[in-house]
Amino acid sequence: MSAPIWRKDACDLASAYRAGETSPVEAVALFRDRIQRLDPELNAFVALNPEAAAEAEASAERFAAGAPLGPLDGIPIAVKDNLVAAGMPAAWGSRVFADRTWTEDEMPVRRLRQAGAIVLGKTNVPEFAVEGYTGNALFGVTRNPWNLDLTPGGSSGGAVAAVAAGLASIAIGTDGGGSIRRPAGYCGLVGLKPTIGRVARHGGLPQLLLDFEVVGPLTRSVRDARLILETLAGPDRVDPSSRAQVAASPEGRPLRILRVDQFGNAPCDPEILRALADVAQALTQLGHEMEEGNLPFDLGPLNALWSIVAEVGLARMKAEIPEMQLAGAKYLAMAEAGETVSAHVFAAGLADVQHLRRAVSEAFGDWDVILTPTAAAMPWTAEAAFPDRIAGQAVGPRGHAVYTGWVNACGHPAIALPAAPSPDGLPIGVQLVGDLGAERLLLDLAERYETVRPWAHRWPGLAVDADADNSPEAMAR
């Protein structure tokens, strides 16, 4: 028997459309119904697309005429609320932007809509998307569908909660320091952070995190991630960084993989390290060369810069946007701190980033892939911005996030994949980091891993119980 619409990944849903088994109209109506019933508990969505039903009708007409726009035509997607979509707000979790409805899509959203994808709505973020949980004074706290007491992570927390609970087929988010990969790990999803420039950007909100922030997919299968990237990627003259891409893909030999369990003395939850070891074993069984070790470059200078990047970005917004007076007190304080950062300190930090980029580029001459956890901590209380202890050790605001930020700073691609869950069933994620332009290599490796450690049957009870489907097959997770 065919799976319900909400259980299908985008590729299967597209096949169902082509076979006439269902239609975009039915799919959008079903997802809207699930949002109405489940989202009051999750708080994943902050705005719905008022034109979604009309867009579904137009898609259905294209299928009836035998002329769909492509494999994404009619696929219901969720869009993170720091990305601009026409006809909806992009509040960014803040009163600063809450009252504006946008009239044009920014480039990644436009490319998806040109391919026929239907935006169901916008998903919640922490204010200005600069923290690793998801909650704000404007829309409240988003919860993890695997355990409503816990966070789905951030800043793409609303996006992962929506996809993991079957409220959308796929989502797109942003990753400026791990904001796709860590939430994907917390909700059992695939999350792809592309190379800088792989997905052209234009027409959106201000960039707070230099060029570290990129747009990428959040999906339930690797093939869906590949499909979305193929739609999003490609050069455009308005984004010069999109016009120079390196394609690194060694052929005909086992990959050289460096497994890094911990970064220096930074703690990591033992359950996460156990899951990482299982992933390493699976990749070894696939014939790849695995070596345990430390990162072959120094992250110390980057760690010193990291705390001031968002502050300087917010200071710029405070100087240029009068409505910044409406921002939360915490973020105004960050902006004021950014105003005190001296030019020579910030310039030295930028020089450190360039040095790191050279060092990482050289390291990938020796390694094809670096394997690490996506996060150092299991999900914590939904209302808290970060866990204050990991493996019994006190940590600061980025203690849970140590594994991801360097990938953004150096500009390399990485994919987050589900690993073996914790004993109580909570998802755990790992990341594979590749050379510049190595998305195809990472996706190929991820698809092979998916065949030996499949996760497609895992659904949170909240998603399944909503359909009152209590069969053993449905409840397997």
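Counting only distance, with no hydrogens or angles, the side chain of T404 and the backbone of G177 share a donor-acceptor pair below 3.5 Å. A donor-acceptor pair is defined here as one N or O able to donate and one able to accept, closer than 3.5 Å; no such pair exists between the side chain of E213 and the backbone of L208. Side-chain N or O atoms of N124 include one that pairs as donor or acceptor with a backbone N or O of G140 at under 3.5 Å. Here the side chain of H288 pairs a donor or acceptor atom with the backbone of L255 at under 3.5 angstrom. No donor-acceptor pair under 3.5 Å is formed between the side chain of D39 and the backbone N or O of L42.
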Walk me through whether T374 and Y403 qualify under side chain to side chain contact (heavy atoms under 4.5 Å, CB included).
CA-CA 6 Å; T374 56; Y403 293 106; over 6 Å; no

Step by step, would you call Y331 with E131 a side-chain hydrogen bond (donor to acceptor under 3.5 Å, both in side chains)?
CA-CA 11 Å; Y331 305 97; E131 294 184 274; 2.4 Å; yes

Which is it for R18 and S15 under the side-chain hydrogen bond (donor to acceptor under 3.5 Å, both in side chains) test, yes or no, and what are the steps along the way?
CA-CA 5 Å; R18 291 192 297 270; S15 295; 3.1 Å; yes

Check the pair S59 / D73 against side-chain hydrogen bond (donor to acceptor under 3.5 Å, both in side chains), numbers first and verdict last.
CA-CA 6 Å; S59 176; D73 203 340; 2.8 Å; yes

Please step through side-chain hydrogen bond (donor to acceptor under 3.5 Å, both in side chains) for the pair T151 and N144, ending with a clear verdict.
CA-CA 5 Å; T151 183; N144 192 317; over 6 Å; no

Quick one, V84 with D105, criterion side chain to side chain contact (heavy atoms under 4.5 Å, CB included). Give me CA distance, side-chain angles, the key distance, then yes/no.
CA-CA 6 Å; V84 170; D105 297 322; over 6 Å; no

Given salt bridge (Lys or Arg N to Asp or Glu O under 4.0 Å), test D81 with K122 step by step and report yes or no.
CA-CA 5 Å; D81 196 37; K122 308 295 295 298; 3.0 Å; yes

Determine, stepwise, if the pair R201 / E106 fulfils salt bridge (Lys or Arg N to Asp or Glu O under 4.0 Å).
CA-CA 7 Å; R201 302 283 304 272; E106 69 172 282; 3.5 Å; yes

For salt bridge (Lys or Arg N to Asp or Glu O under 4.0 Å), just list the numbers for R220 and D224, CA-CA rounded to whole Å, side-chain angles, deciding distance to a tenth of an Å, and then say yes or no.
CA-CA 7 Å; R220 294 193 292 266; D224 275 8; over 6 Å; no

Would Y133 and S155 count as a side chain to side chain contact (heavy atoms under 4.5 Å, CB included) if you check the C-alpha gap in whole Å, the side-chain angles of each, and the deciding distance to 0.1 Å?
CA-CA 6 Å; Y133 86 123; S155 60; over 6 Å; no

Go through it in stages, so that I can follow the logic: the residues are E41 and R143, the test is salt bridge (Lys or Arg N to Asp or Glu O under 4.0 Å), and I'd like the CA-CA distance, side-chain angles, deciding distance and then a yes or no.
CA-CA 8 Å; E41 292 186 271; R143 300 181 179 277; over 6 Å; no

Set out, in order, the CA-CA distance, both residues' side-chain angles and the distance that settles side chain to side chain contact (heavy atoms under 4.5 Å, CB included) for F31 and V28, then state yes or no.
CA-CA 5 Å; F31 281 114; V28 166; 5.9 Å; no

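Closest approach of T134 to S156, counting heavy atoms only: OG1-C, 4.5 Å. Contact detail for V125 and G93: the closest heavy-atom pair is CG2-N, 3.7 Å. Between A162 and F45, the shortest heavy-atom contact is CB-CE1, 3.8 Å. Residues L209 and G176 share a closest heavy-atom pair of CD1-CA, 3.8 Å. Closest approach of G338 and A315 over heavy atoms only: C-CB, 3.8 Å. Pairing each heavy atom of R32 with each of A52, the nearest pair is NH1-CB, 3.9 Å.
Between F97 and F128, the two ring planes are perpendicular [angle over 60°; tilted spans 30° to 60°].
By the 4.5 Å heavy-atom criterion applied to side chains, V360 and W406 are counted as neighbours. Contact annotation: the side chain of L445 never approaches that of I415 to less than 4.5 Å [non-hydrogen atoms, C-beta and beyond]. At a threshold of 4.5 Å between non-hydrogen side-chain atoms, the residues L442 and V433 do not count as touching. In this structure, F364 and I370 have side chains that are in contact, with non-hydrogen atoms separated by less than 4.5 Å. Under the 4.5 Å side-chain criterion, counting only non-hydrogen atoms from C-beta, R34 is in contact with W6. You'll find the side chain of L314 stays beyond 4.5 Å of the side chain of L332, heavy atoms only. The side-chain heavy atoms of I228 and I170, taken from C-beta on, include a pair separated by under 4.5 Å. Residues L229 and V199 are in side-chain contact: their nearest non-hydrogen atoms beyond the backbone lie under 4.5 Å apart.
Remark: of the listed residues K193, R182, R181, R181 is the sole one forming a salt bridge (Lys or Arg N to Asp or Glu O under 4.0 Å) with D175. The only member of L112, L192, L218 that meets side-chain contact (heavy atoms from CB on, under 4.5 Å) when paired with I172 is L112.
Around CD of E104, the count of heavy atoms belonging to other residues, nucleotides or ligands within 6.0 Å does not exceed 12. Summarising the local packing, CD of E383 is surrounded by more than 12 heavy atoms from other residues, nucleotides or ligands at distances under 6.0 Å. The local environment of CZ in R316 is sparse, with at most 12 non-hydrogen atoms from other residues, nucleotides or ligands closer than 6.0 Å.
In this structure, OG1 on T231 lies 11.0 Å from CD on Q114, to the nearest 0.5 angstrom. Rounding to the nearest 0.5 Å places OG of S94 at 7.5 Å from CG of L138. Here the CE atom belonging to M324 is positioned 4.5 Å from the CE atom belonging to M317, to the nearest 0.5 angstrom. The structure places CG of L232 at 11.5 Å from CZ of R198, a figure rounded to the nearest 0.5 Å. The line from CD of E439 to CD of E230 is 11.5 Å long, rounded to the nearest 0.5 Å. Note that CD1 of I75 is 8.0 Å distant from CG of L227, once rounded to the nearest 0.5 Å.
No salt bridge links D9 with R226; every basic N to acidic carboxylate O contact stays at or beyond 4.0 Å. Ion pairing between R113 and E55 holds under the 4.0 Å rule for side-chain N and carboxylate O. A salt bridge links D33 and R37; the closest N-O separation between the charged side-chain nitrogens and carboxylate oxygens is under 4.0 Å.
For W146 and W459, the gap between ring centers reaches or exceeds 6.0 Å. The aromatic ring centroids of W306 and F212 lie less than 6.0 Å from each other. Taking the six-membered ring for Trp and the full ring otherwise, the centers of H400 and W380 sit less than 6.0 Å from each other.
Side-chain atoms of T372 and Q431 form a donor-acceptor pair, as typed in the model, at a separation below 3.5 Å. Counting only N and O atoms by type, the side chains of D236 and S242 include no donor and acceptor under 3.5 Å apart.
The cationic group of R100 lies under 6.0 Å from the six-membered ring centre of W102 and within 45° of the ring axis, placing it in a cation-pi geometry.
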